[in-house]
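See structure below.
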Amino acid sequence: MTEFALILQFEDHAAQTLVAWRAGIGQLIGQPAGVPPHLTLAAFSAAGGAAVQARVAAAVGQFAVGPVRLASLGAFIPAVVYAAPLWTPGLVAANRLANALGDAAPTSRYAPDGWQPHVALASHLGPANLNAALIWLTARFTPLTLVEPRLVLIACDPYQELARWAIR
């Protein structure tokens, strides 16, 4: 079984702010930015990429996320600094639908009713870098509304984009 994830990426002006924040934190702590900013809807195992890609393609019309408002900052201590979206019916429905597309039970931290939606801005930090990143980011953070979502199917470890779809 291969590990896959369904993520949301955004390709608008506000998304460029996320890229800039990630780059700024990376410069501050001497760490490359890593994968592009995204919001993970689900992570799961599946027997093969072609089969899961076909299931996602068949369901893509059911994904209606709408704008995503990143309203606050948070941390998964001691490793991750993130921007947190407001919960919306569209995000909750997208998480449930995405989790139904794998071959096996979803990864618990992305499973419905256990999911903490977030856009990681830095990871693998440790306590000192986490604190520095939060201080840096807090001085620059303003809420963002992200539009033009793209649903992206990725293979995990290593990160590889397999397919992308425009959604509402």
Side-chain angles (χ1 to χ4, degrees), residues 1-46 49 65-88 90-92 94-96 98-99 102 104-162 164:
M1 296 283 251
T2 304
E3 295 299 315
F4 296 95
L6 270 174
I7 64 174
L8 293 178
Q9 289 181 343
F10 301 89
E11 298 179 359
D12 54 22
H13 177 71
Q16 295 309 307
T17 301
L18 295 173
V19 171
W21 287 344
R22 286 178 62 111
I25 293 169
Q27 286 181 325
L28 175 73
I29 63 173
Q31 182 185 81
V35 299
H38 63 277
L39 192 155
T40 302
L41 292 173
F44 47 79
S45 296
V65 174
V68 174
R69 179 80 171 157
L70 299 177
S72 63
L73 298 174
F76 297 130
I77 297 172
V80 177
V81 173
Y82 62 84
L86 297 174
W87 284 70
T88 64
L91 271 181
V92 171
N95 167 255
R96 290 186 185 285
N99 273 289
T107 303
S108 62
R109 68 177 175 237
Y110 298 110
D113 304 320
W115 180 52
Q116 173 60 53
H118 64 282
V119 176
L121 299 172
S123 60
H124 310 291
L125 293 172
N129 283 340
L130 178 90
N131 194 40
L134 277 172
I135 290 168
W136 186 92
L137 191 55
T138 299
R140 291 158 178 82
F141 181 79
T142 57
L144 297 174
T145 300
L146 301 168
V147 295
E148 299 179 32
R150 301 283 184 264
L151 185 66
V152 182
L153 175 65
I154 64 168
C156 304
D157 202 19
Y159 177 95
Q160 179 186 4
E161 290 188 8
L162 302 175
R164 311 175 104 225

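When reading the values below, keep in mind they use all heavy atoms of this one structure, side chains included, and skip hydrogens, waters and symmetry mates.
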Show every donor-acceptor pair shorter than 3.5 Å between a side-chain atom in residues 65-84 and any protein atom, with sequence neighbours excluded, or say none if there are none.
unit_1: R69; atom_1: NH1; unit_2: T145; atom_2: OG1; d: 2.8

Residue that, paired with V152, satisfies side chain to side chain contact (heavy atoms under 4.5 Å, CB included) out of I7, L6, L8: I7
Taking atom CG of L153 and atom CZ of R164, what is their separation to the nearest 0.5 Å? 12.0 Å
Inter- and intrachain pairs under salt bridge (Lys or Arg N to Asp or Glu O under 4.0 Å), touching residues 149-158, at least two apart: E11-R150
For A132, all residues meeting side chain to side chain contact (heavy atoms under 4.5 Å, CB included), sequence neighbours excluded: L28
Roughly how far, to the nearest 0.5 Å, is CD of Q9 from CG of L146? 11.5 Å
Quick check for you: to the nearest 0.5 Å, what is the distance between Q16 atom CD and L144 atom CG? 11.5 Å
Can you see which heavy atom on W87 is nearest to which on V92, and at what distance? CE3-CG2, 3.3 Å
CZ-CD distance between F4 and Q160, expressed to the nearest 0.5 angstrom: 9.0 Å
Result block: side-chain N/O donor-acceptor pairs under 3.5 angstrom for residues 30-44, not counting sequence neighbours:
unit_1: Q31; atom_1: NE2; unit_2: S123; atom_2: O; d: 3.2
unit_1: Q31; atom_1: NE2; unit_2: H124; atom_2: O; d: 3.4
unit_1: H38; atom_1: ND1; unit_2: P36; atom_2: O; d: 2.8
unit_1: H38; atom_1: NE2; unit_2: T40; atom_2: OG1; d: 3.4

Restricting to non-hydrogen atoms, name the atom on R22 and the atom on A120 that form the minimum distance, rounded to 0.1 Å. NH1-O, 2.8 Å
Are side-chain heavy atoms of N95 and P117 found at a separation under 4.5 Å? no
May I have all residue pairs that pass ring-ring contact (aromatic ring centres under 6.0 Å, His included) and include part of residues 125-145, sequence neighbours excluded? W21-F141
Once you round to the nearest 0.5 Å, how far does CG of L134 lie from CD1 of I25? 8.0 Å
By salt bridge (Lys or Arg N to Asp or Glu O under 4.0 Å) - contacts of R140 (at least two apart): none
